[in-house]
Structures are given as structure tokens and as C-alpha cells.
> 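Got a structure here, written out as C-alpha cells. Questions coming.
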Amino acid sequence: MQNNDLYHAAKAAQEKSFSPYSNFRVGAALLTKAGKLYTGCNIENSSFSLTICAERTALFKAISAGETEFSKILIVSDADDFISPCGACRQVLSDLAGDIDVILTDSRGEMQHKKMSELLPFAFGRSYLIKNPNV
Ligand code: THU
């Protein structure tokens with residue numbers, strides 16, 4: 001699947017954004033290693049801290065569908081600057097999706113390519129916790 005396809009899928013997901021408090025609409029398209037696409041948008045809550053970002057929506061949809069191996073995520077917003085995932089999403093993506101490619105876009109549709117490990121170096125992860133080598 002081409003990055004352009006991911007871009008259009010993320011844009012379509014962005015349309016579903018529920019963001020009446022910030023009016024900041026975000027969409028994400030997450031590709032599995034097998035080539036399956038999951039999308040997400042940000043969903044805000046009147047209890048603000050319960051808001052979920054587009055990236056985690058996409059990832060949680062994928063994981064809840066049984067996916068475990070991921071290749072990349074592309075993120076869109078309406079901001080002029082390249083959108084950059086928040087710290088919480090960096091931790092969750094790094095922990096659950098690994099060192100995937102992260103494609104940041106700006107309002108003109110330009111793309112900037114990063115690795116998850118660039119966005120969150122020296123990340124905390126499951127290796128600190130897991131003693132059972134099968135997990
Ligand atoms: N947001 C995302 O969904 N992803 C990001 O990468 C940055 C921020 C959302 C959370 C909130 O609904 C709104 O954007 C403003 O922070």
C-alpha cells in the first residue's frame with residue numbers, strides 16, 4: 001500500500017473526529033505488516049483528560065481486532081506544521097507497535113518520515129517487566 005493511500009484513509013478518518021473542545025481534528029492510518037489498514041480519529045470528552053488521540057484510536061482498534069505486527073502509521077491534521085504525536089501516544093505506539101515508521105504530514109499534504117525510536121529514544125517497554133520469555 002502506498003503512502004498516498006494511507007494519507008487519504010487518514011483524511012477520511014479525520015472527518016470523523018469528535019473534537020468540539022479543541023476544534024483540532026486529527027486522523028491516523030495504521031498499516032499492519034500483513035498490509036491491513038486501521039484508521040482512527042481523536043475523540044474528545046467533556047472530562048478533558050479522557051480524550052483519546054487519533055493514533056491510539058487506530059492502534060487500539062487494530063489490537064482489539066487481533067493485530068500484533070505493524071509497519072507504519074501516517075498522521076494528518078489541519079495544522080500548517082507537521083503534526084507530531086503527543087508523549088502518551090509515543091509511549092503507547094512504541095510499546096505496542098514497536099519501532100514502526102511514523103509519517104507526519106502538514107496541511108499541504110507534505111510528508112516527513114521518522115522512526116518511532118527517533119520520536120521516543122530510550123523508551124520504557126515490556127522488556128523491563130517481562131520475566132517469562134514467551135510473552
Ligand atoms: N491529538 C491527536 O489526536 N493526535 C496528536 O498527535 C496530537 C493531539 C488530539 C488530542 C485532542 O483531541 C486535540 O488533538 C488537541 O490536543
Side-chain angles (χ1 to χ4, degrees):
M1 188 168 301
Q2 305 294 316
N3 289 338
N4 254 359
D5 300 322
L6 262 63
Y7 180 79
H8 290 298
K11 274 304 208 189
Q14 185 194 20
E15 292 294 315
K16 304 281 195 297
S17 166
F18 180 73
S19 42
Y21 308 111
S22 71
N23 289 315
F24 191 76
R25 297 155 59 249
V26 186
L30 174 69
L31 190 67
T32 69
K33 278 195 179 156
K36 196 150 180 222
L37 191 60
Y38 291 85
T39 61
C41 62
N42 56 329
I43 305 168
E44 298 187 343
N45 193 278
S46 51
S47 180
F48 297 157
S49 65
L50 300 182
T51 290
I52 186 164
C53 295
E55 298 91 322
R56 275 175 290 150
T57 303
L59 180 62
F60 292 159
K61 279 170 69 180
I63 289 177
S64 62
E67 304 292 352
T68 55
E69 297 204 312
F70 302 96
S71 135
K72 54 179 141 175
I73 189 166
L74 183 145
I75 311 160
V76 302
S77 80
D78 296 318
D80 291 340
D81 284 337
F82 289 101
I83 182 70
S84 181
C86 78
C89 285
R90 291 178 196 215
Q91 172 61 31
V92 171
L93 284 166
S94 157
D95 201 15
L96 297 175
D99 194 15
I100 57 173
D101 295 325
V102 184
I103 304 168
L104 316 174
T105 69
D106 67 11
S107 57
R108 293 166 305 163
E110 296 293 320
M111 297 184 191
Q112 198 175 123
H113 297 253
K114 302 279 185 192
K115 293 296 284 187
M116 197 57 238
S117 54
E118 273 181 80
L119 298 177
L120 188 66
F122 195 47
F124 186 77
R126 69 185 79 172
S127 62
Y128 285 89
L129 304 176
I130 289 171
K131 297 183 177 64
N132 177 353
N134 297 317
V135 181

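Since this is a predicted model, take the numbers as computed values, not measurements. Each ligand, and each atom within it, is numbered from 1 in the order the structure gives.
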> Looking only at atom types and distance, does a side-chain atom of K115 sit under 3.5 Å from a main-chain N or O of D99, one as donor and one as acceptor?
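Present.
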> For a quick check under 3.5 Å, do N42 and Q14 share a side-chain donor-acceptor pair by atom type?
no
> Return a table of N or O atom pairs, ligand 1 on one side and protein on the other, at distances under 3.5 Å, rounded to 0.1 Å.
from     : atom 1 : to  : atom 2 : distance (Å)
ligand 1 : 3 (O)  : A54 : N      : 3.0
ligand 1 : 4 (N)  : E55 : OE1    : 2.9
ligand 1 : 4 (N)  : E55 : OE2    : 3.4
ligand 1 : 6 (O)  : E55 : OE2    : 2.5
ligand 1 : 12 (O) : N42 : ND2    : 2.9
ligand 1 : 12 (O) : E44 : OE2    : 2.5

> Going from CG on L6 to NZ on K72, what distance comes out if it is rounded to the nearest 0.5 angstrom?
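The NZ atom of K72 is 6.0 Å from CG of L6, to the nearest 0.5 Å.
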> Which atom pair, heavy atoms only, marks the closest approach of C41 to A13?
CB-O, 3.3 Å
> Can you label the angle between the F18 ring and the Y21 ring as parallel, tilted or perpendicular, going by 30° and 60°?
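Judged by the thresholds at 30° and 60°, the geometry between F18 and Y21 is perpendicular.
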> What are the two closest non-hydrogen atoms of L119 and P121, and how far apart are they?
C-CD, 3.7 Å
